[in-house]
Amino acid sequence: MGAERSYSPLAQAARSALAGCDKVPGSRKPDPMLVADGVRREFGGIVAVDVEHIEVQRGSITALIGPNGAGKTTLFNLLSGFDTPSTGTWSFDGRNMAKVASHKTAALGMVRTFQLTKSLTKLTVIENMRLGATGQRGEKWWNGLFSATWKKQEAEITARAETLLERFKLSHMRDEFAGALSGGQRKLLEMARALMTDPTLVMLDEPMAGVNPALKQSLNDHIRGLRDEGMTVLFVEHDMDMVHDVSDWVIVMAEGRVIAEGTPDDISKNPAVIDAYLGAHQGRSLMEEGA
Amino acid sequence: MDWSLIFENTLKGFIGINAVYFAIAALGLNVQFGYTGLLNFGQAGFMACGAYGLGMTAQYFEISMWWGIPLGIVFSVGLGLLMGIPTLRLRADYLAIVTIAAAEIIRLVVRSVRFKHYFGGSDGINNFSQSFRDLGNKVGIDEATRYGFSPFRFTGRELWTLIIGWLLVALLGFFVYKLMKSPWGRVLKAIREDEDAVRSLGKNVYSYKMQSLILGGILGTISGMIFALDRAAVQPDNYSRDVTFYILTALVLGGVARVSGSIVGPMIFWGIFTFLDNFMREVADDPIRIGNFQVMDSTDVGPLNFILIGLTLILLMVFRPQGVFGDRKEMAFDGR
Ligand SMILES: Nc1ncnc2c1ncn2[C@@H]1O[C@H](COP(=O)(O)OP(=O)(O)OP(=O)(O)O)[C@@H](O)[C@H]1O
Ligand SMILES: [Mg+2]
C-alpha cells in the first residue's frame with residue numbers, strides 16, 4: 001500500500017535520507033538525533049539490553065520492533081533516564097545524556113510515553129494536559145499563591161491544550177476525570193499530554209495497544225503529523241501493518257540486541273527477522289500480511 | 001443527668017482550642033498525605049519543633065518568646081530535610097517508617113535527663129507565654145475576665161487564644177487552598193497518582209515532594225505553637241505517636257484532599273469526643289447495676305471513649321469512605 005501513497009515533503013526528505021543508509025544493525029545515519037553506544041542492562045542473570053550502536057535519524061519516524069521481552073521497553077527506560085545502564089553512553093541532539101536526570105530530559109525536548117498507560121485518573125483531562133506544559137511560572141510555590149503571576153500563562157497553556165484535545169478527539173471529555181476514559185482514550189490522552197512539552201523527539205511505547213482499529217488509522221495520521229511538524233518519532237509497536245504504514249525506518253531487537261535495520265519493505269522480507277521475531281510459521285503469516 | 005452541661009461542653013469541644021491545633025496540624029498532613037501522597041506519621045515531631053522553639057526561648061536562650069516562632073520554623077525545616085533527603089527517592093513506605101521513628105527520637109531526646117538543661121526533661125518547660133497573653137490584655141481581652149454568654153463562656157485567656165487560633169486556621173486554610181488551586185498544587189496531585197508520569201513531563205518530583213513535606217511540617221509546627229501557648233507549657237509526652245494518629249483520624253473523618261475536610265474533621269472529632277466523654281461521665285456518676293455487676297464506672301470512660309471513636313471511624317469508612325467532604329466520584333477511580 002505504501003508505494004502509491006503521496007508523501008509530504010518532510011516524509012520524502014526523511015525517506016530519501018534513509019534510502020542511502022546501510023541495512024545492517026547499527027547502521028550510520030546522515031543526521032542522527034539520538035545515538036547510543038555499548039548500552040547494556042542486566043537484571044540478575046538476564047541481559048535485557050545489549051545494544052552496540054544505534055542511531056535515530058532526525059525528522060524520521062523510526063519503529064522499534066521485536067518479540068515480547070526483546071528489551072524494547074528497557075531500552076526506552078535507559079535512553080529516557082528512567083533506568084541506569086551498567087555500561088554505555090548515549091547522546092541526544094549532540095548532548096551526552098548519561099548523567100542527565102530523567103526530569104530534565106523533557107526540558108531538552110525528549111519526551112516518552114509508557115507501555116502501561118499513566119493517565120492521572122483523579123485529574124481531569126484538561127488538567128492532565130496542562131500538567132504537560134514545561135516552564136510554568138505557577139509551578140513555583142511562591143508564585144502559586146499569587147494567581148496574577150500565572151493566570152495569563154495558564155490561559156495560553158489551556159488554549160494549546162484544547163487544540164491538541166481537538167486533534168485527538170477528546171474535546172468532549174475535557175472536564176471529565178481521566179479515570180472515566182476508556183483504555184484507548186487514555187493512550188490518546190497520554191500522547192497528547194506528552195506533546196504539551198513541545199518535544200523534538202517523541203518516544204512512544206506501544207501507542208496503539210488497545211486502541212480500536214478505526215482509531216488506529218487516525219493515530220497513524222497523528223504520528224505522521226508529528227514528523228510533518230518536524231519532530232522525530234521513535235515508537236515501539238507489535239502491529240506490523242501499522243509499522244509498515246507509518247514508519248520510515250525499522251530497527252528490530254531480539255534478546256536485547258539489534259538484529260536488523262532497514263526500511264519497512266526490507267524488514268518484512270528479511271528472513272532472519274521473520275525467524276527471530278515470532279519464530280514459527282505463525283510469525284511468517286503475520287509478516288506476509290504486512291507486506 | 002445535666003444535659004445543658006453536656007451540651008455546653010460539647011459545643012466548646014467543637015470550637016475549642018483542641019479543634020484549632022488539630023485543624024492546623026491536619027491541614028499540614030493534608031498537604032503531605034491528602035494532596036501529595038506522602039505518609040508522614042511523625043507530625044507530632046513537627047509539632048514538638050514549634051512547641052520547643054517557643055519553650056527554649058525561655059528555658060535556654062533567655063530571649064523574647066517571639067523569637068520562638070522563627071526558631072521553631074527553622075527546627076521544622078531542618079527536620080523535614082533530615083527525614084526527606086534519605087527517603088523521598090524511595091518508595092512511600094520508607095518515609096512512613098522514618099517519620100514515625102524520627103518523631104519518637106525527638107520525644108525521647110527532649111524528655112531525657114541528659115538534655116534537661118535545654119529542654120527541661122520530662123517536666124518540660126513552663127512560663128514562657130506571658131508576652132502572648134500581654135498582647136491579649138493590650139488589645140482589650142483581659143485574661144482574668146470572663147466573656148460570653150451561655151453556652152459560650154470563656155475566660156479572657158481562652159478567648160484570646162481561640163481568636164488567634166481560628167484566625168490562623170482561616171488564614172492558613174486560605175493559603176493551602178490557593179496553593180492547591182495553582183499549577184504547583186496540580187503537580188503535587190499528579191505526584192500522588194504517578195510519579196513517573198510527572199517525571200516524564202519534566203518536573204523534579206523529588207524537589208516537589210520535599211517542598212510538600214516541609215510545608216506540611218511547618219503547618220504542624222504552627223499547630224504545636226498554638227497548643228503550647230494555650231497550655232503555657234511544653235510537655236514531651238504531648239507529642240507522642242497517638243497525637244499524630246488522632247489527627248490523621250480527624251483528617252480522614254473530614255475528608256482528605258479538601259481544605260474544608262481538614263478543618264471540619266477536627267471539629268467533629270472533638271465534638272464527638274467531648275460529648276461522649278461528658279455523657280459517659282454522667283452515666284458513670286449514677287451507675288447502672290445489674291445484680292452485682294456494675295455496667296460502667298468512671299475509670300471505664302476514657303478507654304470506652306476511644307473505642308467509640310474507633311467505631312465511628314469504622315462506620316465512616318464503610319458508609320462514607322470519602323469522609324464528610326470528600327468527592328465520591330473521585331474516590332471511584334482509586335486503584336485503577
Ligand atoms: N524490572 C525488571 N526486573 C527484572 N527483569 C526485567 C525487568 N524489566 C525487564 N526485565 C526483563 O528484561 C527483558 C526485556 O524486557 P522489556 O520489558 O524491555 O521487553 P519488551 O521488548 O518491552 O517486551 P514487550 O514487547 O512484551 O513489551 C525481559 O526478559 C524482562 O523479563
Ligand atoms: Mg515493552
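Predicted model only: the values in this text are computed from it and were never measured. Residue numbers start from 1 in every chain, and the chains themselves are labelled A, B, ... in the order their sequence lines are given, proteins ahead of strands.
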Heavy-atom pairs under 4.5 Å with chain B, option from Gly81(A), Ser119(A), Pro199(A), Gly144(A) with the top count: Gly144(A)
Counting heavy-atom pairs under 4.5 Å with chain B, which one of Glu127(A), Gln136(A), Lys151(A) comes out on top? Glu127(A)
Who wins among Ala101(A), Ser147(A), Gly135(A), Gly132(A) for the most heavy-atom pairs under 4.5 Å with chain B? Gly132(A)
With rounding to the nearest 0.5 angstrom, report the NZ to CG distance, Lys118(A) to Leu201(B). 11.5 Å
Does Phe174(B) CZ have over 12 foreign heavy atoms under 6.0 Å away? no
Using heavy-atom distances under 4.5 Å, tell me whether Glu190(A) contacts chain B through its side chain, its backbone, both, or neither. neither
Side chain, backbone, both or neither: which part of Arg137(A) has a non-hydrogen atom closer than 4.5 Å to chain B? neither
Top residue by heavy-atom pair count (under 4.5 Å) with chain A, among Leu215(B), Asp196(B), Leu188(B), Val187(B)? Asp196(B)
Counting neighbours of CD on Gln115(A) that are heavy atoms of other residues, nucleotides or ligands and sit closer than 6.0 Å, is the number greater than 12? yes
Report, as yes or no, whether the 6.0 Å neighbourhood of atom CG on Leu116(A) holds more than 12 heavy atoms from other residues, nucleotides or ligands. no
Residue selection (most heavy-atom pairs with chain B, distance under 4.5 Å) from Ala194(A), Ser80(A), Gly138(A): Gly138(A)
N/O donor-acceptor pair under 3.5 Å between Lys203(B) side chain and Leu131(A) backbone: yes
Atom OG in Ser200(B), atom CZ in Arg193(A): separation rounded to 0.5 Å? 6.5 Å
Please check if atom NZ in Lys140(A) has more than 12 non-hydrogen atoms from other residues, nucleotides or ligands closer than 6.0 Å. no
Which pair of non-hydrogen atoms, one from Ala197(B) and one from Leu120(A), has the smallest distance, and what is that distance? CB-CD2, 4.2 Å
Over all atoms of both residues, closest heavy-atom pair of Trp150(A) and Lys181(B): CH2-O, 3.9 Å
Within the structure provided, determine whether Phe82(A) and Arg199(B) are in side-chain contact (heavy-atom separation under 4.5 Å). yes
Considering residues, nucleotides and ligands other than Trp66(B), do more than 12 of their heavy atoms fall under 6.0 Å from its CH2? yes
Spatial distance of atom CH2 (Trp184(B)) from atom CG (Leu145(A)) [nearest 0.5 Å]: 9.0 Å
Could you tell me whether the side chain of Glu193(B) and the main chain of Thr121(A) form a donor-acceptor pair under 3.5 Å? yes
Check the pair Glu154(A), Arg186(B) against side chain to side chain contact (heavy atoms under 4.5 Å, CB included), reporting the backbone distance first and the verdict last. CA-CA 12 Å; Glu154(A) 182 91 340; Arg186(B) 178 162 66 215; 2.9 Å; yes
Under 4.5 Å from any heavy atom of chain A, what part of Tyr208(B) do you find: side chain, backbone, both or neither? side chain
Shortest non-hydrogen contact from Leu179(B) to Trp141(A)? CD2-O, 3.5 Å
